[in-house]
Amino acid sequence: MQKCYIILAAIHLHIGEESERSVLEFFVELNVFRAQWMSELKPNSASNGGNRGLSSRAADLKRKQELAREEKARELFLKAVEEEENGAVYEAIKYYRRAMQIVPDIEFKINYSRSPDPDGGNENDMDGEIEDLLAYFHQQLTLQDNSLKICVPEVDIAQMHISALPPEVLMYIFRWVVSRDLDLRALEQLSLVCRGFYICARDPEIWRSACLRAWGRSCTKLVPFNSWREMFLERPRVRFDGVYISKTAYIRQGEESLDGFYRAWHQVEYYRYLRFFPDGQVMMLTTPEDPLVTVPRLRSRNTRVESIMCGHYRLSQDTDNQTKVFVVVSKRKEEVITRISRFCRRNPAAPETEHSFHVGLQLSSGGRQSFNKLNWIHHSCHITYRSTGETVVTAFDLDQMYASFYFARVKSYTAFSERPL
């Protein structure tokens with residue numbers, strides 16, 4: 001036994017202060033070795049109960065030492081956290097290192113608790129999650145002063161602060177942020193500035209105006225939603241801050257060569273784009289050009305992209321709770337006349353027929369985004385003859401050539417505000 005202590009002392013002198021954990025581990029291993037050694041020295045006729053007693057005492061001693069070691073590591077780790085919060089990073093690193101040398105995973109064994117409020121505020125009501133954050137912010141702003149103030153400047157400034165504006169002016173600014181394009185994402189980001197802006201961003205009138213612009217007169221009733229904001233976020237609708245894109249790819253057989261030795265195969269790829277606007281207008285474009293080239297051209301409804309079709313759309317919700325989008329588009333009249341004038345030297349006459357395309361889509365959600373997918377359910381072409389007024393309808397079979405539309409958000413579509421909500 002004296003040799004063991006001499007060896008342990010020599011090891012401790014060798015390592016110095018590099019590792020306190022190794023010293024404690026040697027003590028634990030030494031006690032376990034002693035218990036095993038004593039049990040081996042007992043004669044074979046000794047009772048098994050005595051051996052079990054020695055093993056249990058050694059296990060209890062090991063557990064106590066592990067608890068003491070973990071307690072020491074916890075104190076060092078919390079001390080390191082305190083030093084880091086005070087800005088003493090170098091001292092914090094030393095305490096972190098010492099704590100992890102004793103218990104490597106001490107970070108995951110600590111239950112962090114929130115420190116009491118230094119101002120002596122009542123934190124008993126704040127133990128749980130605040131259910132009505134809007135009412136709480138109203139209460140806090142009212143307690144700061146007897147009158148409700150939207151916000152207060154953090155530092156004294158010589159210029160006029162935005163808190164000096166009347167609430168009506170601030171609400172008008174918020175309507176410009178939302179704009180007629182219904183950029184409610186920007187409104188949610190604006191609500192993160194302060195508690196006063198959070199209250200303004202939850203104004204029911206703004207969200208009611210957004211719902212009326214998105215669904216028209218069909219959303220006059222709030223039931224079954226609890227607020228206009230909840231209706232706008234959860235009720236199915238098409239999105240306006242981007243474009244729906246469908247990609248179709250297939251392989252087509254080409255013509256045989258002149259010598260009949262080979263036949264070419266062509267891989268065909270093209271895209272369909274759908275851009276919706278809150279006022280019921282829609283644009284549809286079919287082109288082989290890549291989205292990086294086409295998407296920026298669809299920002300304005302007055303775009304000059306060739307072969308683009310414009311029209312209107314409406315939402316319909318059946319009894320099976322499936323929301324469908326019905327689109328009617330046609331080519332612009334001035335584009336049709338321009339094409340005819342290329343082949344006619346005289347003044348071009350109005351075309352004898354009018355073509356319009358009727359599209360039916362089913363709205364659904366996929367992945368983390370909401371209302372980001374449109375599935376084809378109908379596609380037809382209506383040809384109307386001006387001379388007789390007769391309309392011929394040609395319905396197309398929906399096969400693999402009709403790939404689903406997926407929504408892609410485009411930040412530039414809502415980067416500018418032309419009109420307020």
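Keep in mind that the numbers below use all heavy atoms, side chains included, and drop hydrogens, waters and symmetry copies. Count residues from 1 along the sequence.
- The two atoms that bring Tyr172 and Pro420 nearest to each other are OH-CG, 3.9 Å, heavy atoms only.
- For the ring-ring contact (aromatic ring centres under 6.0 Å, His included) test with Phe396, the passing option among His358, His379, His378 is His379; the others fail.
- Looking at every heavy atom in both residues, Thr323 comes nearest to Pro236 through OG1-CB, 3.3 Å.
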Quiz item: What do the steps show when you test Leu285 against Val305 for side-chain contact (heavy atoms from CB on, under 4.5 Å), and what is the final call?
Solution: CA-CA 9 Å; Leu285 176 64; Val305 178; 3.8 Å; yes

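- Using bins of under 30°, 30° to 60° and over 60° for the plane-to-plane angle, the ring pair Phe405/Trp376 lands in the tilted bin.
- For the residue pair Thr414 / Asp241, no side-chain donor-acceptor distance below 3.5 Å is found, with atom types taken as modelled.
- Residues satisfying the side-chain hydrogen bond (donor to acceptor under 3.5 Å, both in side chains) test with Glu168, not counting sequence neighbours, are none.
- Between Leu361 and Ile377 the shortest side-chain heavy-atom distance does not fall below 4.5 Å.
- Counting only residues at least two apart or in different chains, side-chain hydrogen bond (donor to acceptor under 3.5 Å, both in side chains) contacts with residues 288-301 comprise Asp279-Arg301, Glu289-Arg297.
- Between Glu188 and Arg202 there is a salt bridge, with a side-chain nitrogen of the basic residue lying less than 4.0 Å from a carboxylate oxygen of the acidic one.
- Side-chain atoms of Ser380 and His382 include a donor-acceptor pair closer than 3.5 Å.
- Contact of the Glu71 side chain with the Leu67 side chain is not registered, since no non-hydrogen atoms from C-beta on lie closer than 4.5 Å.
- Taking CG of Leu212 as the reference point, atom CH2 of Trp207 lies at 14.0 Å (rounded to 0.5 Å).
- Counting heavy atoms from C-beta outward, Trp215 and Leu315 have side chains that approach closer than 4.5 Å.
- Residues passing the side chain to side chain contact (heavy atoms under 4.5 Å, CB included) test with Gln159, sequence neighbours excluded: Ile157.
- The number of heavy-atom neighbours closer than 6.0 Å to CZ of Arg97, taken from other residues, nucleotides and ligands shown, is 12 or below.
- Arg63 and Glu66 are not joined by a salt bridge, as no carboxylate oxygen comes within less than 4.0 angstrom of a charged side-chain nitrogen.
- For the pair Arg237 and Phe232, the cation sits on the ring face: its NZ or CZ lies under 6.0 Å from the ring centre, inside 45° of the axis.
- Every residue two or more places apart in sequence or in another chain was checked for a side-chain hydrogen bond (donor to acceptor under 3.5 Å, both in side chains) with Ser227, and none qualifies.
- Atoms CE and CG, from Met283 and Asn302 in turn, are 9.0 Å apart once rounded to the nearest 0.5 Å.
- Under the 4.5 Å side-chain criterion, counting only non-hydrogen atoms from C-beta, Leu184 is in contact with Val178.
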Would you tabulate the side-chain donor-acceptor contacts of residues 243-252 under 3.5 Å, counting partners in other chains and residues two or more places apart, or write 'none'?
residue	atom	partner	partner atom	Å
Tyr244	OH	Arg239	N	3.2
Tyr244	OH	Phe371	O	2.8
Ser246	OG	Ala403	O	2.8
Thr248	OG1	Met401	O	3.2

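- Aromatic rings of Phe240 and Tyr413 (six-membered ring for Trp) have centroids beyond the 6.0 Å cut-off, not under it.
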For residues 81-90, dump all side-chain donor-acceptor pairs below 3.5 Å to protein atoms at least two apart in sequence or in another chain.
residue	atom	partner	partner atom	Å
Glu84	OE1	Tyr96	OH	2.7
Asn86	ND2	Glu82	O	3.2

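- Between Lys79 and Glu75 there is no salt bridge, since no side-chain N of the basic residue sits under 4.0 Å from a carboxylate O of the acidic one.
- Inter-residue side-chain proximity for Cys381 and Ile383 is flagged as met; some heavy-atom pair is nearer than 4.5 Å.
- Residues Arg175 and Ser209 form a side-chain contact, since some pair of their non-hydrogen atoms from C-beta on lies under 4.5 Å apart.
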